[in-house]
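Accompanying notes for the structure given below.
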Amino acid sequence: MERRRFLAGLAATAMIAGCQRARGIAIGSKNFTEQLILGELLAQVLEPVVHYSVERRFYLAGSYICHQSLLAGRIDMYVEYTGTALAAILKEKNVPAGHAAVYEFVKDQYARRFGLTVLPSLGFDNSFAIVMRRADALRFGISRLSQLAPFAPTLRMGVGYEFLERPDGYQGLAKRYGLNFAGVPRVMDLGLLYRALENHQVDVVAGSNTDGLIEALGLVVLEDDAGYFPPYDAVPIVRPEVLDRPGVAGALARLSGRISAEDMRRMNYAVDGAKKDAAVVVEDYIAQKQLVARL
């Protein structure tokens with residue numbers, strides 16, 4: 001009888017372990033290059049230290065879908081930006097000042113409202129960037145957003161799907177700087193914005209500070225001199241029960257503060273401009289920065 005109980009206990013333990021391995025960890029991302037890279041980065045730092053599958057569920061449209069997927073348990077983590085979390089998810093209109101204050105507010109509210117853990121910043125701020133062709137900026141003699149209003153009626157704007165509607169997006173920007181562009185902004189996939197600008201299909205786009213094609217195409221970012229955009233520090237958001245699994249918290253902690261804006265631009269350009277595979281770009285970066293602990 002004791003032998004049968006012992007064997008039954010071993011079988012139950014093996015079954016539980018098997019279920020845990022089968023469940024694995026699911027990592028999400030939004031539908032643009034930087035998010036693909038960041039999702040791949042999370043996956044590759046976790047794979048060497050966990051003993052179950054790491055599933056990639058990338059291209060989940062925007063923040064809302066990623067957030068709902070986290071709450072429903074369809075993914076276990078993804079990288080968000082603090083300013084986006086503040087405006088698009090928390091719907092906060094009274095914005096705290098400064099990177100640290102925004103991070104602490106977002107971290108506290110995500111824990112209170114959603115039971116989710118916001119980890120420290122990866123190290124870079126990916127604020128929105130209002131971008132023009134260099135020749136146009138030189139012709140108009142502008143370098144700041146406060147100088148754009150007199151020329152806006154002759155210019156066509158291109159934006160991503162979220163930017164037109166989000167609280168920290170187009171409407172607030174236009175109001176803050178008195179912008180009245182030629183027609184309604186053209187909405188397109190984020191991956192097409194710079195090609196549309198380069199091909200003169202639009203004249204101004206709402207891109208991101210870490211977009212690799214800005215420098216590669218010789219474009220100009222207009223300074224947000226009125227401070228319209230809040231900080232957008234890149235932070236992993238994780239289901240807390242996942243952090244209790246062996247190796248997970250330590251692996252993710254190795255990413256804290258390790259990625260600069262310049263690093264992110266180079267990786268973005270390697271994928272967007274040089275057409276390299278994102279997984280290979282991330283693998284090279286991890287090796288260069290020694291982001292995976294030696295076991």
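Computed from a prediction, not measured in an experiment: that's the story for all the values here.
Shown here is Glu165, whose CD atom has no more than 12 heavy atoms of other residues, nucleotides or ligands within 6.0 Å. Residue Glu215 qualifies as open at atom CD: its count of foreign heavy atoms under 6.0 Å is 12 or below. For Arg112, the CZ atom counts as loosely surrounded, since its 6.0 Å shell holds 12 or fewer non-hydrogen atoms of other residues, nucleotides or ligands.
Side-chain atoms of Val235 and Lys107, non-hydrogen and from C-beta on, never get closer than 4.5 Å to each other. Between Asp233 and Tyr103 there is no side-chain heavy-atom pair separated by less than 4.5 Å. Counting heavy atoms from C-beta outward, Leu46 and Met77 have side chains that approach closer than 4.5 Å. Inter-residue side-chain proximity for Arg166 and Thr84 is flagged as met; some heavy-atom pair is nearer than 4.5 Å. Side-chain contact between Arg254 and Val292 is absent, with no heavy atoms from C-beta onward closer than 4.5 Å. Side chains of Phe105 and Thr82 form no contact here, defined as non-hydrogen atoms less than 4.5 Å apart. Val204 places a side-chain heavy atom less than 4.5 Å from the side chain of Ile130. Residues Asp76 and Val238 fail the side-chain proximity criterion, which asks for heavy atoms closer than 4.5 Å.
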Residue pair Phe181, Asp203: steps toward the side-chain contact (heavy atoms from CB on, under 4.5 Å) verdict: CA-CA 10 Å; Phe181 290 103; Asp203 305 299; over 6 Å; no
Stepwise side-chain contact (heavy atoms from CB on, under 4.5 Å) test for Glu40 and Phe58: CA-CA 9 Å; Glu40 189 65 39; Phe58 297 165; 3.8 Å; yes
Chi angles and distances behind the side-chain contact (heavy atoms from CB on, under 4.5 Å) call for His200, Arg133: CA-CA 9 Å; His200 292 256; Arg133 291 181 292 271; 3.3 Å; yes
From CA spacing to verdict: side-chain contact (heavy atoms from CB on, under 4.5 Å), Lys30, Tyr81: CA-CA 11 Å; Lys30 306 184 206 180; Tyr81 306 96; 4.0 Å; yes
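Ion pairing of Arg113 with Glu92 is present here, as a side-chain N (NZ or NE/NH1/NH2) and a carboxylate O approach within less than 4.0 Å. Look at Lys276 and Glu283 and you find no salt bridge, because none of the NZ, NE, NH1 or NH2 atoms lies under 4.0 Å from a carboxylate O.
Nearest heavy atom pair, residue Pro246 against residue Val50, reads O-CG1, 4.3 Å. Across all non-hydrogen atoms, the minimal contact from Leu122 to Pro236 is CD2-CG, 3.8 Å. Closest approach of Val271 to Ala278, counting heavy atoms only: CG2-CA, 3.9 Å. The shortest non-hydrogen separation linking Arg195 to Leu217 is NH1-CD2, 3.8 Å. For the residue pair Tyr285 and Arg258, the shortest heavy atom distance occurs at OH-O, 3.2 Å. For the pair Leu86 and Leu90, the tightest heavy-atom approach, listed with the atom from each and the gap, is O-CB, 3.4 Å.
A distance of 10.5 Å separates CG of Leu193 from CG of Leu213, quoted to the nearest 0.5 Å. Atom CZ of residue Arg57 and atom CZ of residue Arg74 lie 9.0 Å apart, to the nearest 0.5 angstrom. In this structure, CG in Leu38 is found 10.5 Å from OG1 in Thr33, a value given to the nearest 0.5 Å. Distance CG/Leu252 to CG/Leu291: 11.5 Å, rounded to 0.5 Å. Rounded to the nearest 0.5 Å, atoms CG (Asn126) and CD (Gln35) are 9.0 Å apart. For the atom pair Met157 CE and Leu148 CG, the distance stands at 8.0 Å (nearest 0.5 Å).
Between the side chains of Asp211 and Tyr194, a donor-acceptor pair is found at a separation under 3.5 Å. A donor-acceptor contact under 3.5 angstrom links the side chains of Tyr232 and Asp168, judged on distance only. With hydrogens and angles left out, the side-chain atoms of Glu34 and Ser208 include no donor and acceptor closer than 3.5 Å.
When hydrophobic clusters are built by joining Ile, Leu, Val, Met, Phe, Trp and Tyr residues whose side-chain heavy atoms come closer than 4.5 Å, directly or via intermediates, Ile237 is grouped together with Tyr64. The hydrophobic clustering, which links ILVMFWY residues whose side-chain heavy atoms are closer than 4.5 Å, places Val220 and Leu138 apart. Side-chain heavy atoms closer than 4.5 Å link hydrophobic residues (I, L, V, M, F, W, Y) into clusters, and following such links, possibly through other members, connects Val131 to Tyr161. Cluster annotation: Tyr170 and Val184 are assigned to distinct hydrophobic clusters (Ile/Leu/Val/Met/Phe/Trp/Tyr, side-chain heavy-atom contacts under 4.5 Å, transitive). Hydrophobic clustering, with ILVMFWY side chains joined whenever heavy atoms are under 4.5 angstrom apart, groups Ile25 together with Tyr59.
Of the possible polar contacts, one joining the Tyr228 side chain to the Gly169 backbone as a donor-acceptor pair under 3.5 Å is found. Between the side chain of Asn199 and the backbone N or O of Gln201 there is no donor-acceptor pair closer than 3.5 Å. Side-chain atoms of Asn268 come within 3.5 Å of backbone N or O of Thr210 as a donor-acceptor pair. In this structure, Gln44 contributes its side chain and Ala279 its backbone to a donor-acceptor pair below 3.5 Å. At least one donor-acceptor pair under 3.5 Å links the side chain of Arg134 to the backbone N or O of Gly218. The backbone N or O of Ala43 sits nowhere less than 3.5 Å from a side-chain atom of Arg56 that would complete a donor-acceptor pair. Remark: the backbone N or O of Ile75 is not paired with any side-chain donor or acceptor of Ser69 at under 3.5 angstrom. The main-chain N or O of Ala253 is never found under 3.5 Å from a side-chain atom of Ser256 such that the two would form a donor-acceptor pair.
Close placement of the Phe163 and Phe128 rings is indicated, their centers lying within 6.0 Å of each other.
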